[in-house]
> 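Structure below; questions to follow.
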2 protein chains.
Amino acid sequence: MFSHSSHISAFFAPRSIAVVGASPDEAKIGGIIFKNIMFGAARGNIYPVNPNECAIRGIKCFGSVSEIPVSCDLVIIAVRASCVLSALKECVLKKTKAVIVISAGFKETGIEGKIREIELKEAVKGSQTRLLGPNCMGTYDTHSGLNTLFIPESKFTAPKKGRLSVISQSGAVGTAILEYLASHSAGISKFVSYGNRADLDESEILKYLLADRNTDAVLCYIEGLKDGRAFYNAIKAAMQSRSASVKKPVIVLKAGKYAGSSKAALSHTGSMTGDYAVFAAAMRQAGAIPAKTIEDLADLGKAAACFKPRFRAEKPKIAVISNGGGFGVMCADMCLGNGMELAQFSKYTVEGIKKAMPDFAEINNPLDLIGDATKERFEAAIRAVQNDENVDAIAVYLWPLGISLGNGIADVLINARKRASKPLVAGMFGGAHTYSIAEKLERGKIPVYATPRRAMKAIKFLVGLWQ
Amino acid sequence: MFSHSSHISAFFAPRSIAVVGASPDEAKIGGIIFKNIMFGAARGNIYPVNPNECAIRGIKCFGSVSEIPVSCDLVIIAVRASCVLSALKECVLKKTKAVIVISAGFKETGIEGKIREIELKEAVKGSQTRLLGPNCMGTYDTHSGLNTLFIPESKFTAPKKGRLSVISQSGAVGTAILEYLASHSAGISKFVSYGNRADLDESEILKYLLADRNTDAVLCYIEGLKDGRAFYNAIKAAMQSRSASVKKPVIVLKAGKYAGSSKAALSHTGSMTGDYAVFAAAMRQAGAIPAKTIEDLADLGKAAACFKPRFRAEKPKIAVISNGGGFGVMCADMCLGNGMELAQFSKYTVEGIKKAMPDFAEINNPLDLIGDATKERFEAAIRAVQNDENVDAIAVYLWPLGISLGNGIADVLINARKRASKPLVAGMFGGAHTYSIAEKLERGKIPVYATPRRAMKAIKFLVGLWQ
């Protein structure tokens with residue numbers, strides 16, 4: 001088996017691509033994939049394969065993989081389950097590096113499907129061809145432009161280029177995460193939906209991404225591990241072998257925590273679920289973060305897209321700033337409840353803040369800038385705590401409805417974020433007006449969270465308290 | 001002290017209103033309030049009070065409350081702290097029923113403020129005047145049209161008329177909740193921001209709302225209770241004295257859980273925080289729901305705006321339907337983890353679903369409608385479980401990116417919701433495309449949650465498992 005990274009690279013940045021089952025019909029899976037690849041990965045040669053078509057979108061169509069005059073780096077197979085094996089065998093003969101089988105109807109269905117999947121495994125065994133899937137959505141790479149996802153353009157907000165990678169056993173969950181991150185301006189590097197993992201599995205993919213120079217953090221959605229030890233080792237090795245400055249956080253969400261729900265996981269991608277508590281403990285020991293919900297996973301992902309998390313915390317001290325006192329109290333609750341401390345501001349910091357405040361105001365942490373706070377008051381307070389050595393990270397919880405707070409507050413925070421690498425996380429809860437400011441902040445690389453709880457968990461992650 | 005409901009009613013539906021500190025300047029608090037009242041509560045007579053103006057917005061201005069020829073039901077005072085007392089004394093002399101003091105600068109600041117607050121208390125003691133505030137944002141009533149909030153129109157999405165009421169110690173937190181609920185189509189009845197509660201407190205307000213015929217559920221944000229026993233009794237009495245069909249859920253979020261964070265609560269609205277664990281236990285015993293975060297509070301509020309929650313659960317049995325198998329597994333996890341069961345579908349239900357599914361599909365609960373599910377497949381499945389006596393509530397977790405799922409899916413769910421009173425909650429996670437469907441569902445009275453965890457907590461509430 002070639003675990004050679006050049007073979008795995010072919011899943012992300014192939015120089016030539018064939019689509020078996022390509023179609024001019026955009027309502028068909030092969031039609032969407034072919035279109036997405038054509039308009040995405042402009043650098044590679046593209047070969048549609050469909051015996052019933054002469055040309056698709058003006059490109060000559062081939063009757064089978066064997067008829068293609070070259071050996072493609074990547075072949076995507078999106079035909080019905082019973083036709084997959086013969087196409088895959090042709091790829092093996094042609095020494096195709098990478099094959100993605102999108103088609104469903106394998107291990108996740110009945111006995112016939114299980115046999116079909118064994119046949120796929122046998123076909124690639126000992127060959128020079130690596131297989132992703134079946135029953136998956138393939139890969140997406142913002143750097144190469146490759147997009148094998150069968151989601152019509154009209155439904156899909158393309159994520160911007162970035163340094164977060166996502167691995168998902170479920171194509172639906174994975175693409176939902178991708179759509180979420182895109183809508184929150186979090187940049188993506190690579191995405192892999194691996195489905196039934198007849199060959200290439202989560203551990204190998206993770207290992208590859210932990211070595212990928214375009215990836216700074218990896219989010220994983222998993223229903224069951226093929227080889228728990230290999231997955232553990234992949235994380236552990238990456239955490240141990242590197243200096244803190246190049247370590248990459250791995251955040252793992254595992255579904256199927258209960259016996260009753262794992263039955264569903266079994267039929268969905270055909271994998272058994274293990275004991276969740278054991279899994280979570282193992283992840284922590286390896287150095288990864290087990291996420292409890294899809295929101296946790298995405299919340300930490302957003303944080304990692306904006307700041308480089310630390311890997312060791314020494315009693316982190318947090319500054320909480322708000323113009324809605326109640327939000328400050330809730331942030332303080334969550335700060336203390338998450339094992340962090342409220343920073344003791346230096347005299348210099350207190351003086352700096354006092355100058356911008358009304359006479360009667362007390363300078364505490366959480367700092368209540370009072371409901372009539374202006375952007376200038378925020379600017380003075382944030383600048384002071386950024387310069388305070390007693391402060392490791394800053395949470396700014398905004399109440400944008402405040403009478404003296406204009407939209408300019410977003411620029412104040414974004415400029416502050418540019419000024420210093422100290423983690424700066426924003427919180428806000430509300431409706432249309434509030435969301436418009438949140439969007440602006442996220443475009444400016446400040447992660448925004450609706451609740452004090454979520455904001456403080458993001459800070460906990462960024463200051464390294466998760467290890 | 002008049003706890004007479006006609007006096008408290010004057011805070012919501014006054015027939016005549018004076019605004020002390022009214023101003024033509026929309027950048028001033030008194031300017032915003034006067035404008036909001038003028039364009040909101042069209043039914044009452046409005047009297048601006050400001051010695052420096054002859055008329056505001058074409059309405060004759062008075063130099064003081066005593067100069068107004070009538071006794072107003074409601075007087076709103078928004079002048080600087082040192083000028084509040086004399087205005088309040090005039091109200092008492094004129095037997096004004098209700099006075100809202102918006103002004104800050106009382107108990108929440110230094111010793112001078114504390115003295116000023118005692119003076120306000122003394123002024124209304126034994127009088128026919130009830131006082132809300134100081135240091136508050138007052139009231140909002142969608143039924144009467146009254147709006148005393150000093151939020152400019154441009155920032156505020158007005159909530160639609162509905163049956164949820166909100167009580168908040170913090171004006172910022174309260175209005176953020178209001179803005180959130182408005183943006184999620186949850187209808188509001190009454191809103192009260194009570195601030196320092198020099199006179200009228202959270203217990204009396206809650207009691208009033210629990211008897212209010214326009215209110216079906218109450219959300220509370222509290223930093224510290226003035227009289228814990230009275231608050232407990234208000235809930236307990238309402239829960240005991242009524243039949244299940246007219247009971248109203250009370251959901252309470254309390255901030256200031258830790259010693260360190262309660263210091264902030266103290267300076268914010270000048271109240272002490274108690275022991276959180278004791279508080280939460282007391283709330284449960286009284287029959288209320290203690291919410292952990294502002295999101296929990298709003299999530300349950302959204303649910304109560306769409307369905308009437310039950311007040312006693314008998315092993316609730318839930319149906320989970322999804323076109324993204326992984327989401328189904330996560331919902332199953334959260335269903336079991338929250339003490340609920342996955343329903344065993346009747347034979348008739350299974351047959352009904354089978355007809356709409358491909359041959360190879362297995363009919364389980366969680367039900368995986370598979371990634372290529374159409375709206376017709378959802379329609380058949382939802383109809384079947386709605387008719388199944390073994391199912392108490394339904395969670396539909398949508399993956400709108402699914403290839404065969406058009407926007408019509410929203411109408412399928414909304415029609416199903418109209419067909420039956422059985423709780424139907426939707427889940428979805430993603431970006432722009434996904435959110436557009438979520439918005440449509442919420443307008444159709446189906447609450448939508450981003451995570452399986454939040455969707456299942458809403459169901460737990462609706463089936464009555466919180467008692």
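The structure displayed is predicted, hence computed values, not measured ones. What you see below is based on every heavy atom in this structure, not just the backbone, and it leaves out hydrogens, waters and symmetry mates. In what follows, chains carry the letters A, B, and so on, assigned in the order in which the sequence lines appear, proteins first and then strands, with residues in each chain numbered from 1.
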> Which residue out of A/G105, A/G174, A/A361, A/A432 racks up the most heavy-atom pairs below 4.5 Å with chain B?
A/A432

> With a 4.5 angstrom heavy-atom cut-off, is it the side chain or the backbone of B/T434 that approaches chain A, or both, or neither?
both

> Out of A/F429, A/F150, A/F156, which one racks up the most heavy-atom pairs below 4.5 Å with chain B?
A/F429

> Which bit of B/I437 comes within less than 4.5 Å of chain A, counting heavy atoms only: side chain, backbone, both or neither?
neither

> Select one option (side chain, backbone, both, neither) describing which atoms of B/M428 are under 4.5 Å from chain A's heavy atoms.
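Neither part.
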
> Would you be so kind as to tabulate the donor-acceptor pairs closer than 3.5 Å made by side chains of residues 323-332 of chain B, with sequence neighbours excluded?
residue, atom, partner, partner atom, Å
B/N323, OD1, B/W399, N, 2.7
B/N323, ND2, B/W399, O, 2.9

> Rounded to the nearest 0.5 Å, how far apart are CE of B/M137 and CG of A/L401?
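One gets 7.5 Å once the value is rounded to the nearest 0.5 Å.
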
> CD1 of B/I370 to CG of A/N135: how many Å apart, nearest 0.5 Å?
9.5 Å

> Would A/R453 and B/K292 count as a side chain to side chain contact (heavy atoms under 4.5 Å, CB included) if you check the C-alpha gap in whole Å, the side-chain angles of each, and the deciding distance to 0.1 Å?
CA-CA 9 Å; A/R453 185 184 67 85; B/K292 279 189 189 147; over 6 Å; no

> Under a 4.5 Å cutoff for heavy-atom pairs, which residue among A/A176, A/C335, A/S436 has the most contacts with chain B?
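Looking at each option in turn, the highest pair count goes to A/A176.
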
> Counting heavy-atom pairs under 4.5 Å with chain B, which one of A/H433, A/E112, A/K155 comes out on top?
A/K155

> Report which part of A/L405 has an atom under 4.5 Å of a heavy atom belonging to chain B: side chain, backbone, both, or neither.
both

> Mind checking what makes salt bridge (Lys or Arg N to Asp or Glu O under 4.0 Å) contact with A/E295, not counting sequence neighbours?
A/R454, B/R454

> Could you look at B/P400 and say if it's the side chain, the backbone, both or neither that has a heavy atom under 4.5 Å from chain A?
backbone

> Given that the side chain runs from C-beta out, which part of B/A182 has a heavy atom under 4.5 Å from chain A: side chain, backbone, both or neither?
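For B/A182, there is no contact with chain A at all, as no heavy atom is under 4.5 Å.
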
> Tell me, for B/L149 versus chain A, whether the close heavy atoms (under 4.5 Å) come from the side chain, the backbone, both or neither.
neither

> Do you know which of B/T293, B/T157, B/L253 has the most heavy-atom pairs under 4.5 Å to chain A?
B/T293

> Given a strict heavy-atom distance threshold of 4.5 Å, which part of B/A27 is in contact with chain A: side chain, backbone, both, or neither?
backbone

> Looking at chain B, which one of A/G337, A/P358, A/P452 has the largest number of heavy-atom pairs inside 4.5 Å, strictly under?
A/G337

> Identify which of A/T451, A/D372, A/I294, A/L367 forms the greatest number of heavy-atom pairs closer than 4.5 Å to chain B.
A/I294

> Where does the angle between the aromatic ring planes of B/Y435 and A/H184 fall among parallel (under 30°), tilted (30 to 60°) and perpendicular (over 60°)?
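B/Y435 and A/H184: perpendicular rings.
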
